[in-house]
Visitor: 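Structure provided below as structure tokens; questions to follow.
Just so we're on the same page: letters track the sequence lines, and every chain starts at 1. The basis for the numbers below is simple: all heavy atoms, side chains too, and nothing from hydrogens, waters or symmetry mates.
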Amino acid sequence: MWRATNDAWFPALCVFAGYVAIAQGLGNLYPFSTFEMYAGVSTHTASRVVAVDPGGGVHEIRDFEAYRCDSLDLQPSTCSEHGEYYSIGYVERETAEYLAGQSTAPVHGEAQTVRLVRRIWRFQGGGAPEVEDCALANCQAVRR
Amino acid sequence: MSVSLSISSPFDGHGRGGIRVALAAVLAFDTLLVAHFLASVHPGPESHPDAPSWLLAFAGRTGLIAVVAMAALVSLAAFARRPASLLPGWMALASVGLLVEAHSACIEGPYRIFFSGGAAMLGWMVGATYARATRCDAAEAERHAEIGAAAGLAATYVNAFASKMISGGIGWTGADSLRAVVLAQHHVDGSSLSNAYAAAVADHAWLAGTLVTLTLVAQASAFAYPWHRIMRAVSGTLLLAFHANTAILTPLFFPQAMVLLLVLSYPWPTVAKRLTRTRGRAMEAPPEQTAAATERRTPRMVLLGALLGGVLVAWVSPLRAYTLMHHRHGPRTAAPAPPAPPPPPLPASMVHALEGLHPGAHLGAWDVRSVSGTPLGAKLDLANGPSVLHVLVVPHGTVQGEPPASTRSYDVLYETPGPGEAPVPDTERTLALEAVASSIRDRE
């Protein structure tokens, strides 16, 4: 027969089991969380919006500022001809907010041509993924 | 035969004031960070559709946010200084919770970085409150609280493990999901070690698969974390390695969780004593104290009742419907494109002239990608690597002005680049248009 020699185990076990049970039932309500994060991700693709310079070099959107683009639509349906692809909501939101904010930012420095593309990776097999770009907009922007 | 079972903590025989201060510091950091976030957001399309107006009212209102944040910080200061008082800890938890939920209601969902400190604090306060109810002395009460905090923190990782198992089962060990999560967030440029590591994970499924397996092992080890000092060190080390790996591969950095793991997992008082080579009689571990069975009965029943009540509320109440609306957009995946309509046919009068310009035909450096009819004539899409040129062939007199190229019967024109298409240099464009005209002349 197992016998506890001190009492701290009882509240600790209640906290441990209770947190798990309550969070699994409730979802995310402070301080309870299931920390599901990317648990439900099941995909063979990935994508995000990047900037391509005239030489073909790929850059982060935030490597440039004061964007002036001919037209820009970041909705996932814009590249629907490329089929299904996976992207992360907060990354898309931050990209859209940054570009929207930079569209009226003052221009300090020499602007250069950059193309905004949605880079899509497709995993087929265990090796390097295939890469394809969906053109989104031609822009003038200043390198940071 | 009876066997004794007891929880061992790396802090047994030592004071736990440092843990209390660290926990207060973590929650103070959470308070300032979430207050900063909340002050810079406003309700919008991403906000929770069912969030009460009083919760959304915090967004962008610095004064209101500051009041709650100050209440949290004052409570945390009192919690750090006066372990015997329970009210400050519970007030701090409630204040931070209000700010976190107000922020979550305004954006697409909660930032999980705030929940590790909350879980540990909840565990601490449950342990401390239970110890007060069973009339433990100060040292034993702090022991209850510290082990409760460890249990709360461990439960977050158990939930992460459970979520993966529930969502994908053992199939979560598949590599492509991790590769996708990394590529969808990691920086695309630069030559840092982090970039090289992320590229290696993306390019090698076996490496990604190994990492996800190790992630599951680390998170599963949290089942044993609260119960023995050796498991604290082992599991704590695995979980710290998991966090470090995640921070290298993605922008996801959980400093609060890492600090709490560092503080709670290792026998720092013992290490400090050995490093300082303190002379004199070692502090003896206080005798284990267990409240009399009669004194434990009521507090245990109350705690069990609270636990069952919490579970009932979690699973049955409308709160679940509310929390389900967080992150309701989820990962965004474009729907498959509908079948493209067939291109309109060429005018019958142009079919013979354009025989040499069928899809796949080569015109020097350019390839014909498609040919279709238009109300005025024909449209050709030419491609030269990443460059694209849209060419129009129309009968003479259709448009005014001098065309860039022409044949006996047709003018050869071009369209301006579409969105995202790079302009074609003049020389290359002239060569392409002349090549189209030449092919038509051969058949006129």
Visitor: Looking at every heavy atom in both B:Ile166 and A:Gln24, which two are closest together, and how far apart are they?
Guide: CD1-OE1, 3.5 Å
Visitor: A:Asp7 and salt bridge (charged side-chain N to carboxylate O under 4.0 Å, His left out): which partner among B:Arg135, B:Arg300, B:Arg143?
Guide: B:Arg300
Visitor: If you count heavy-atom pairs under 4.5 Å with chain A, which of B:Leu252, B:Val96, B:Thr156, B:Ile147 comes out on top?
Guide: B:Thr156
Visitor: Among B:Gly127, B:Gly148, B:Ala119, B:Gly117, which residue forms the greatest number of heavy-atom pairs with chain A at distances under 4.5 Å?
Guide: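 Top count of heavy-atom pairs under 4.5 Å with chain A: B:Ala119.
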Visitor: Is chain B contacted by the side chain of A:Asp63, its backbone, both, or neither, given a heavy-atom distance below 4.5 Å?
Guide: side chain
Visitor: Name the option with the most non-hydrogen atom pairs under 4.5 Å to chain A; the candidates are B:Leu153, B:Leu183, B:Leu319, B:Val311.
Guide: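 Among B:Leu153, B:Leu183, B:Leu319, B:Val311, the one with the most close pairs to chain A is B:Leu183.
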Visitor: To the nearest 0.5 Å, what is the distance between CG (B:Leu303) and SG (A:Cys14)?
Guide: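 If I round to the nearest 0.5 Å, the distance is 4.0 Å.
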Visitor: When rounded to the nearest 0.5 angstrom, what distance separates CD in A:Gln124 from CG in B:Asp176?
Guide: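 It comes to 10.0 Å.
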Visitor: Could you pull out the closest heavy-atom pair between B:His187 and A:Arg48, with the gap in Å?
Guide: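 For B:His187 and A:Arg48, the tightest heavy-atom pair comes out as CA-NH1, 3.9 Å.
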Visitor: Under 4.5 Å, counting heavy-atom pairs only, tell me which of A:Asp73, A:Leu26, A:Leu13 racks up the most with chain B.
Guide: A:Leu26
Visitor: Where is the tightest heavy-atom contact between A:Tyr30 and B:Gly118, given as atom of each residue plus distance?
Guide: OH-CA, 3.3 Å
Visitor: Using every non-hydrogen atom in the two residues, find where A:Thr45 and B:Ala180 come nearest and quote the distance to one decimal.
Guide: O-CB, 3.2 Å
Visitor: Minimum heavy-atom separation for B:Asp203 and A:Pro129, please, with both atom names.
Guide: OD1-CD, 3.4 Å
Visitor: Using non-hydrogen atoms only, which part of A:Leu72 is less than 4.5 Å away from chain B: side chain, backbone, both, or neither?
Guide: neither
Visitor: Is chain B contacted by the side chain of A:Val50, its backbone, both, or neither, given a heavy-atom distance below 4.5 Å?
Guide: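 Side chain of A:Val50 only, per the 4.5 Å heavy-atom cut-off to chain B.
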Visitor: Flag the pair A:Arg119 / B:Val188 as yes when at least one side-chain heavy-atom distance between them is below 4.5 Å, and no otherwise.
Guide: no
Visitor: Relative to A:Phe10, does B:Arg296 satisfy both conditions: NZ or CZ under 6.0 angstrom from the six-membered ring centre, and within 45 degrees of the ring's axis?
Guide: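 Negative - B:Arg296 is either too far from the ring of A:Phe10 or too far off its axis.
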Visitor: Evaluate the criterion side chain to side chain contact (heavy atoms under 4.5 Å, CB included) for residue pair B:Val158 and A:Phe16; output intermediate values, then yes/no.
Guide: CA-CA 9 Å; B:Val158 169; A:Phe16 186 80; 3.5 Å; yes
Visitor: At a 4.5 Å cut-off on heavy atoms, which part of B:Ser116 comes close to chain A: side chain, backbone, both, or neither?
Guide: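 Contact with chain A: backbone and side chain both.
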Visitor: Identify, with sequence neighbours excluded, every residue that meets disulfide (SG to SG under 2.5 Å) alongside A:Cys134.
Guide: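 Partners of A:Cys134 under the disulfide (SG to SG under 2.5 Å) test: A:Cys79.
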Visitor: Are any non-hydrogen side-chain atoms of B:Asn159 and A:Phe32 less than 4.5 angstrom apart?
Guide: no
Visitor: Could you check whether atom CD of A:Glu97 has more than 12 heavy atoms from other residues, nucleotides or ligands sitting under 6.0 Å from it?
Guide: yes
Visitor: Without swapping roles, check the side chain of B:Trp315 against the backbone of A:Ala21 for a donor-acceptor pair under 3.5 Å.
Guide: yes
Visitor: Which bit of B:Gln185 is near chain A, if near means a heavy-atom gap under 4.5 Å: side chain, backbone, both or neither?
Guide: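 Answer is both: backbone and side chain atoms of B:Gln185 are under 4.5 Å from chain A.
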Visitor: Between B:Phe223 and chain A, with a heavy-atom cut-off of 4.5 Å, which part of the residue counts as in contact: side chain, backbone, both or neither?
Guide: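 Both the backbone and the side chain of B:Phe223 come within 4.5 Å of chain A.
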Visitor: Does any heavy atom of chain A fall under 4.5 Å from the side chain of B:Tyr130, the backbone, both, or neither of them?
Guide: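 Interface part for B:Tyr130: side chain.
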Visitor: Please report the shortest heavy-atom distance between A:Gly126 and B:Arg179, naming the atom on each side.
Guide: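 Here A:Gly126 and B:Arg179 meet closest at O-NH2, 3.7 Å.
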Visitor: Need one label for A:Val58: side chain, backbone, both or neither, based on atoms under 4.5 Å from any heavy atom in chain B.
Guide: both
Visitor: Answer yes or no: is there a side-chain heavy-atom contact under 4.5 Å between A:Phe35 and B:Tyr157?
Guide: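 The answer is no, as the side chains (C-beta and beyond) never meet within the 4.5 Å cut-off.
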Visitor: Any chance you could lay out the side chain to side chain contact (heavy atoms under 4.5 Å, CB included) test for B:Arg112 and A:Glu36, step after step, and finish with the verdict?
Guide: CA-CA 10 Å; B:Arg112 253 51 75 83; A:Glu36 74 282 6; 3.1 Å; yes
Visitor: Is it true that a side-chain atom of B:Thr323 and a backbone atom of A:Leu29 form a donor plus acceptor pair closer than 3.5 Å?
Guide: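 Checking the backbone N and O of A:Leu29 against the side chain of B:Thr323, no donor-acceptor pair under 3.5 Å is found.
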Visitor: Mind ranking A:Val91, A:Asp133, A:Thr34 by heavy-atom pairs under 4.5 Å with chain B and telling me who comes out on top?
Guide: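 The candidate making the most pairs under 4.5 Å is A:Thr34.
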Visitor: Taking side chain as everything from C-beta outward and backbone as N, CA, C, O, which of these in B:Ala222 sits under 4.5 Å from a heavy atom of chain A? Side chain, backbone, both or neither.
Guide: backbone
Visitor: If you tally heavy-atom pairs under 4.5 Å against chain A, which of B:Ala205, B:Ala120, B:Ser163, B:Gly310 wins?
Guide: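 Of B:Ala205, B:Ala120, B:Ser163, B:Gly310, B:Ser163 has the most heavy-atom pairs under 4.5 Å with chain A.
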